[in-house]
Trainee: 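To start, I am sharing the structure in question, which I have written as structure tokens.
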Number of protein chains: 2
Amino acid sequence: MAGIEEVARLAGVSTATVSRALSGNGHVSPTTRERVQAAAAELGYVVSSNASSLASGRTRNVGVVVPFLSRWYFSSVVDGAEAALLSKGYDLTLYNLSGGEEPRRSVFEHFLLRKRVDAVIAVALELTDDEVKRLLDIHKPMVGIGGPIPGVRTLTLDDVAVAQLATEHLISLGHTQIAHVGGAVELDLDFHLGSTRRRGFERAMHEANLPIRDDLYQPADFTINGGYAAGKQLLGRPYDRPTAIFAASDEMAIGCLLAARDLGLSVPRDVSIVGIDDHELAEFFGLTTVAQFPRQQGELAVDVLMGELMPDAGAPAALDTELPFQLIVRSSTARPAEADARPSSVF
Amino acid sequence: MAGIEEVARLAGVSTATVSRALSGNGHVSPTTRERVQAAAAELGYVVSSNASSLASGRTRNVGVVVPFLSRWYFSSVVDGAEAALLSKGYDLTLYNLSGGEEPRRSVFEHFLLRKRVDAVIAVALELTDDEVKRLLDIHKPMVGIGGPIPGVRTLTLDDVAVAQLATEHLISLGHTQIAHVGGAVELDLDFHLGSTRRRGFERAMHEANLPIRDDLYQPADFTINGGYAAGKQLLGRPYDRPTAIFAASDEMAIGCLLAARDLGLSVPRDVSIVGIDDHELAEFFGLTTVAQFPRQQGELAVDVLMGELMPDAGAPAALDTELPFQLIVRSSTARPAEADARPSSVF
DNA sequence: ATGAAAGCGCTAACAC
DNA sequence: GTGTTAGCGCTTTCAT
């Protein structure tokens, strides 16, 4: 556990020079820099981040706050952010809010305030005004993913457009009886995915002059299990069965797919299914989906943050950035089997 | 951003007393304690963790190192650890090694050494002697999950026993032609799950005097996809088809299950399938499995660590703790369909 | 039980 | 380009 002083002595310079040489801040002649680096290496010297932070006011650490961790989307975002941060010499301190109200309060009232982090990334979180205020008061750069959070730089996915795209894919194939498996309203807490995506679905239907039938809507909870139950309901009906299902997440879509199989229906011959996310299992199941790219979202959030933390080179990124998405057509969607009445049909 | 001095002034005491009152170290009269706490609350004072760490040598932060994050097992462990740490006032700094050799080196050579963490939890990691030495040299408590890591306190799952239990479940049902979908040897890097679990399988077969047939072994990569391919191979053969499959992970077991379905085989009538983990999808698929409890593993690791960090009350935990596991029988296993020749049969 | 004061190990002016 | 020095905001002896 060598300290900066020993390095300085070994290199024959002052501690200030060691600091400059190792951090890259301030000018040091190439020769001394090398001497210092050699000395540091020899002694196995690593700066004490605490001392450094205390003196400089920078921690080289960012807090990432997520509402869940053990779900594909969130762990992927964190994964991407971690890799990006690591490569820039930053640490990632994780705050998981899934514990309930109590932990959530303590995260915002204590943990994030104790100057352990330079900035925070909030993933799919709806922060209260008070929470935002606390963080901004403290003068910490912050970026939200999935927001939007008022007053905070956010990366947002246009969920309405995403859902609309998925639905339009089905419509363009000639489907008219399209069911929607969406988020249950009770789950609409932090991220309004449920209602936003439903809006996109309805917009697409509306623009295509297709009726939106209440009986073709099934709420679920974003899990495979929930999607399975919803799919059974939708596909088990004796008449007027939908020819296609748009599920608001891949996990629910996979549930529908398995429900169809268990009912003896063939996908996509009897029913087309499309989801959202491009979940790690989507390819395996041949699921057509609108991909969002969670790893990249995490990386992008870090880029934006770095732009704020080192205000020199960076373009002053827009306050609100749209995240990319992309329709990925696999084998779960096709034209409906029946003779279709689609006017623009080429047949 | 009030400092300790302002709190001291408002409470009419010295900074030393404020420190003692707020941290609970050292004696303070109940009345002063309350005055101090009131003052702190009024000013919205939160200690600077850097200053505190620098002065005290404790960071109230633990590093958690994982080889992957976006996999159910790892994110569950981290989830459990995070919750446990948060409740004790600790932060969790995450290090993900999945980036490759370069990031791995920098994690061990710089990140973990800069005194940002009091302790480290290594999940399913095989550390090199050098890596272990680095960490122990630095005098940081450390606990491994899944190890064992020589010289480090570890929580280990007896993978041989787990695999043996799963296999014995099949044997006790009367199966004799049991296939094994195990980890490919190439993947045997950090955690030797593949070979250890295979050993358990072989032991069970051996003890039951059942032959271990090479043609009933299929390597895979611990994914659903890989399990699916392996299952197809195993179940697609025209004769001598196994009546049961033991897969070394639930994800592979689920893959086998789906492969069976796609071949028109019924589970468990035509083939029984058992996995390991109790993955979040296991229940949905009715998969019989040997559960391990990753969230609890994370929590337990924190408990052990706390015992080391506050050496007062804690019993001096054993150097190596066995993790619990449990057979959970669902609907993917049953007696083989054919008239069985099992000697101990009650029929 | 409380206060005074000496650091913890660095960084950032400021001189030279 | 490099050295000197004054802190950063706490914790912790050591007195009292």
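Proteins get letters first, then strands, A, B, ... in listed order; numbering begins at 1 in each. This structure is a prediction, so every number in the text was calculated from the model and none was measured.
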Trainee: Quiz question: by atom type and distance under 3.5 Å, do the side chains of A:Ser14 and A:Thr17 form a donor-acceptor pair?
Mentor: yes

Trainee: Please confirm whether the shortest side-chain N or O distance from B:Ser56 to OP1 or OP2 of D:dT11 is below 4.0 Å.
Mentor: no

Trainee: What integer distance in Å separates A:Arg60:CZ from C:dC10:P?
Mentor: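 Distance check: A:Arg60 CZ to C:dC10 P gives 15 Å.
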
Trainee: The side chain of A:Ala55 lies closest to which of these nucleotides: C:dC10, D:dG9, D:dG3?
Mentor: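 Closest nucleotide to the A:Ala55 side chain: C:dC10.
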
Trainee: May I ask you to say whether A:Glu5 pairs ionically with A:Arg9, meaning some side-chain N is under 4.0 Å from a carboxylate O?
Mentor: no

Trainee: Output the residues of residues 15-28 of chain A in contact with DNA chain D, where contact means a heavy atom of the residue under 4.0 Å from an atom of the strand; sort by number or write none.
Mentor: A:Ala16, A:Thr17, A:Arg20, A:His27, A:Val28

Trainee: Atom CG of B:Leu113 and atom P of C:dG9: how far apart are they, to the nearest Å?
Mentor: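 After rounding, the gap between these two atoms is 16 Å.
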
Trainee: Check whether the side chains of B:Thr154 and B:Thr156 place a donor and an acceptor atom closer than 3.5 Å, and report yes or no.
Mentor: no

Trainee: Return the value, rounded to whole Å, for the distance between atom CG of B:Asn50 and atom P of C:dT11.
Mentor: 12 Å

Trainee: Output the rounded distance in Å from CG (B:Leu43) to P (D:dG9).
Mentor: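 Spelled out: CG on B:Leu43 to P on D:dG9 is 15 Å.
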
Trainee: Set out, in order, the CA-CA distance, both residues' side-chain angles and the distance that settles side chain to side chain donor-acceptor pair (under 3.5 Å) for B:Ser98 and B:Asn96, then state yes or no.
Mentor: CA-CA 6 Å; B:Ser98 65; B:Asn96 181 349; 3.0 Å; yes

Trainee: For C:dT11, does either OP1 or OP2 sit under 4.0 Å from a side-chain N or O belonging to A:Ser52?
Mentor: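 True: A:Ser52 side-chain N/O within range (under 4.0 Å) of C:dT11 OP1/OP2.
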
Trainee: Just how far, in rounded Å, is P of D:dG3 from CD of A:Glu5?
Mentor: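 My rounded result for the distance is 13 Å.
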
Trainee: Please determine whether a side-chain nitrogen or oxygen atom of A:Ser48 lies at a distance below 4.0 Å from atom OP1 or OP2 of C:dG9.
Mentor: no

Trainee: Closest approach to the side chain of A:Thr32, judged atom by atom: which nucleotide of D:dG1, C:dT2, C:dC10 is it?
Mentor: D:dG1

Trainee: Using a heavy-atom cut-off of under 4.0 Å over every strand shown, decide if A:Arg33 touches base, sugar-phosphate, or nothing.
Mentor: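 The residue A:Arg33 makes no contact with any strand.
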
Trainee: Does the distance from a Lys or Arg side-chain N to an Asp or Glu carboxylate O, for B:Arg105 and B:Glu101, drop under 4.0 Å?
Mentor: no

Trainee: Atom OH of A:Tyr45 and atom C1' of C:dG9: how far apart are they, to the nearest Å?
Mentor: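 In whole Å, C:dG9 C1' and A:Tyr45 OH are 7 Å from each other.
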
Trainee: Could you give the CZ-to-C1' distance, from B:Arg58 to C:dG9, as a whole number of Å?
Mentor: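 Atom-to-atom, B:Arg58 to C:dG9, this comes out as 17 Å.
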
Trainee: Using side-chain heavy atoms (C-beta onward) and a distance below 4.5 Å, is A:Val62 in contact with A:Asp118?
Mentor: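 Side chain of A:Val62 against side chain of A:Asp118, heavy atoms only: no contact under 4.5 Å found.
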
Trainee: In whole angstrom, what separates B:Asp118's CG from C:dC8's P?
Mentor: 19 Å

Trainee: Once rounded to the nearest 0.5 Å, what's the spacing between atom CD1 of B:Ile121 and atom CD of B:Gln297?
Mentor: 11.5 Å

